Chemist: 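Below is one structure. I have some questions about it.
Numbering starts at 1 and runs along the sequence shown. Keep in mind it's a predicted model, so treat the numbers as computed, not measured.
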Amino acid sequence: MDRWDRAGRVAAYGAALALTPYLLIKVSWVVGSLLGLLPVGAGFGKAEWVVLNSATIGMAGIGIAVALALVRPWGMRIPAAPLAFCAWVGTGFLVPVLPYAVLSSLLSSEDGNSSSGGDAGPSMPVWEAALVQIGFVGMGLGLAIALPTYLRRRWPEAFAGRLGDRGEGSPSALPWMTVVGAAVGLIWLYWAVGGTAGVAHRGERDLAWHVLSGVFGLWAFVASVAIWAAVRGRPARVPRWGPMVFGWLGSGSLFAWSGWKLPFTLYLAVAQPADAALPENLALAAVLHLAAVGAGASMLRTLVHTRLVSSNS
């Protein structure tokens, strides 16, 4: 076991340990709301609140299992496709927003939790919020270290060499998913810098919403550039691991966050609760999230095809 594997081992166990308090907190929210001991979140009935938090309990459980799979021997024996998909979604959720998670304690963004996906508690105490933040940051940092070491052990050829090492000709047309990803990113960046077109409730915008819009927009562009480079095989002297890693993170961010926000957006459009609203126009937001999910999934498919081509060349 070399130093990278040792670092990945510590990071994987640390990620699983960091997310465990978040899992327990969400369980307490569900049990407390069912027993009438805790109120539900703004804009939700009891049923919706239980469903939402039950979903996050399942996601946290899967995240802990994925972290352990990256370091335990059985992780090398389980089928690659479901593990890679869960790791892709997990890193897409957590790694791209690490800078925001670290700085969010400096932002006066109590209202921003509802606009970022409805994952806030109705009256979260400071210690509980701190544990949630530690869980997200710890899991994100842990996956950022443990996942590459796992991929290095299981698929070493995917990250070896340079982009120009492939022998076949590269397609001249832009892959459609890079165009869609860049367009979605441009709209998010436009909102991040204060653009108002497509914004239905300007008073709902806060600093957290602007920052997150900018983060997601930047990662959409990163993903588009990385996938373009991987498909075209240019610049030829760039190490292959660069576009593969950034394409993985960016496409995961597109798919995971928009896949999470799309049902919440549709719920607000249908239920129209009086005490919850998104800044952006709901129809436009739904279209953007749907486009981001499709582009992110297609980017992953392209990365997998590129890996297969690289291993056979």
Chemist: How about Val50 and Ser33: do any of their side-chain heavy atoms sit closer than 4.5 Å?
Modeler: yes

Chemist: To the nearest 0.5 Å, tell me how far Ile78 CD1 sits from Cys86 SG.
Modeler: 8.5 Å

Chemist: With a 4.5 Å heavy-atom cut-off, do Trp219 and Val97 have their side chains touching?
Modeler: no

Chemist: So if you build clusters from Ile, Leu, Val, Met, Phe, Trp, Tyr with side-chain heavy-atom gaps below 4.5 Å, do Leu23 and Leu70 land together?
Modeler: yes

Chemist: For Leu143 and Ala15, work out which heavy atoms get closest and say how close.
Modeler: N-CB, 4.4 Å

Chemist: If every non-hydrogen atom of Ala220 is compared with every non-hydrogen atom of Gly185, which pair is closest and at what distance?
Modeler: CB-CA, 3.6 Å

Chemist: Going by the angle between their ring planes, with limits at 30° and 60°, are Phe255 and Phe85 parallel, tilted or perpendicular?
Modeler: perpendicular

Chemist: Rounded to the nearest 0.5 Å, how far apart are CG of Leu131 and OG1 of Thr20?
Modeler: 11.0 Å

Chemist: Please check this pair: side chain of Ser28 against backbone of Ile25, looking for a donor-acceptor N/O pair closer than 3.5 Å.
Modeler: yes

Chemist: Between Arg72 and Arg77, is any pair of side-chain heavy atoms under 4.5 Å apart?
Modeler: no

Chemist: Determine, using the 4.5 Å side-chain heavy-atom cutoff (strictly less than), whether Val30 and Val51 are members of one ILVMFWY cluster.
Modeler: no

Chemist: To check you understand the geometry: which heavy-atom pair defines the closest contact between Ala12 and Ala67, and what is its length?
Modeler: CB-O, 3.3 Å

Chemist: Could you walk me through whether Met177 and Trp228 pass side-chain contact (heavy atoms from CB on, under 4.5 Å), step by step?
Modeler: CA-CA 9 Å; Met177 76 287 298; Trp228 177 88; over 6 Å; no

Chemist: So, Trp209 and Glu280: side-chain donor and acceptor under 3.5 Å apart, yes or no?
Modeler: yes

Chemist: Is any side-chain heavy atom of Phe221 less than 4.5 Å from a side-chain heavy atom of Leu186?
Modeler: yes

Chemist: In terms of hydrophobic clustering (I, L, V, M, F, W, Y; side-chain heavy atoms under 4.5 Å; direct or indirect links), are Ile62 and Val95 co-clustered?
Modeler: yes

Chemist: With a 4.5 Å cut-off on side-chain heavy atoms, are Leu83 and Tyr150 touching?
Modeler: yes

Chemist: For residues Thr91 and Trp248, is any side-chain donor paired with an opposing acceptor at under 3.5 Å?
Modeler: yes

Chemist: Considering only heavy atoms from C-beta outward, does the side chain of Pro175 approach that of Met299 to under 4.5 Å?
Modeler: no

Chemist: Could you check whether any side-chain N or O of Glu48 sits under 3.5 Å from a backbone N or O of Gly45, counting only pairs where one atom can act as donor and the other as acceptor?
Modeler: yes

Chemist: Quick one: CH2 on Trp176 to OG1 on Thr178, what's the gap to the nearest 0.5 Å?
Modeler: 9.5 Å

Chemist: Return yes when atom OH of Tyr13 has more than 12 non-hydrogen atoms of other residues, nucleotides or ligands closer than 6.0 Å, and no otherwise.
Modeler: yes

Chemist: Rounded to the nearest 0.5 Å, how far apart are CZ of Arg153 and CG of Leu151?
Modeler: 9.0 Å

Chemist: Are Trp74 and Met76 connected into the same hydrophobic cluster when the rule is that any two of I, L, V, M, F, W, Y join if their side-chain heavy atoms are below 4.5 Å apart?
Modeler: yes

Chemist: Using atom types as modelled and distance alone, determine if a side-chain donor or acceptor of Trp257 lies under 3.5 Å from a backbone N or O of Phe93.
Modeler: yes

Chemist: Are Leu278 and Glu204 packed together at the side-chain level, in the sense that at least one heavy-atom pair is separated by less than 4.5 angstrom?
Modeler: no

Chemist: Evaluate Leu189 against Leu218 for side-chain contact (heavy atoms from CB on, under 4.5 Å), listing each step before the verdict.
Modeler: CA-CA 7 Å; Leu189 287 175; Leu218 285 174; 4.0 Å; yes

Chemist: State the CE-CG distance between Met139 and Leu94, to the nearest 0.5 angstrom.
Modeler: 7.0 Å

Chemist: Cut-off 3.5 Å, side chains only: do Trp191 and Thr196 have a donor facing an acceptor?
Modeler: no

Chemist: Output yes when a side-chain donor or acceptor of Arg154 lies under 3.5 Å from a complementary backbone atom of Gly75, and no otherwise.
Modeler: yes

Chemist: Should Val215 and Tyr190 be regarded as members of a common hydrophobic cluster, given that ILVMFWY residues are connected when their side-chain heavy atoms come within less than 4.5 Å of each other, either directly or indirectly?
Modeler: yes

Chemist: Say whether Lys26 and Thr56, considering side chains only, have a donor N or O and an acceptor N or O under 3.5 Å apart.
Modeler: yes

Chemist: Kindly compute the distance separating CD1 (Ile227) from OG (Ser298), expressed to the nearest 0.5 Å.
Modeler: 10.0 Å

Chemist: For a side-chain contact (heavy atoms from CB on, under 4.5 Å) check, start with the C-alpha distance between Val293 and Leu254, then their side-chain angles and the critical distance, and finish with the verdict.
Modeler: CA-CA 6 Å; Val293 167; Leu254 279 168; over 6 Å; no

Chemist: Can you tell me how the ring of Trp49 sits relative to the ring of Trp29, calling it parallel under 30°, perpendicular over 60° and tilted otherwise?
Modeler: parallel

Chemist: Are the side chain of His289 and the backbone of Lys261 linked by a donor-acceptor contact shorter than 3.5 Å?
Modeler: no

Chemist: Working note: Leu249 + Val222, criterion side-chain contact (heavy atoms from CB on, under 4.5 Å); need CA distance, chi angles, decisive distance, verdict.
Modeler: CA-CA 9 Å; Leu249 293 174; Val222 167; over 6 Å; no

Chemist: Please examine the side chains of Val238 and Pro243, heavy atoms only from C-beta on, and report whether any two atoms are closer than 4.5 Å.
Modeler: yes

Chemist: Minimum heavy-atom separation for Ser224 to Ala182, with atom names?
Modeler: OG-N, 3.1 Å

Chemist: Looking only at heavy atoms, what is the nearest atom pair of Gly252 and Trp88, with distance?
Modeler: N-NE1, 3.1 Å

Chemist: Write down the atom of Leu17, the atom of Pro21, and the distance for their closest heavy-atom approach.
Modeler: O-CD, 3.3 Å

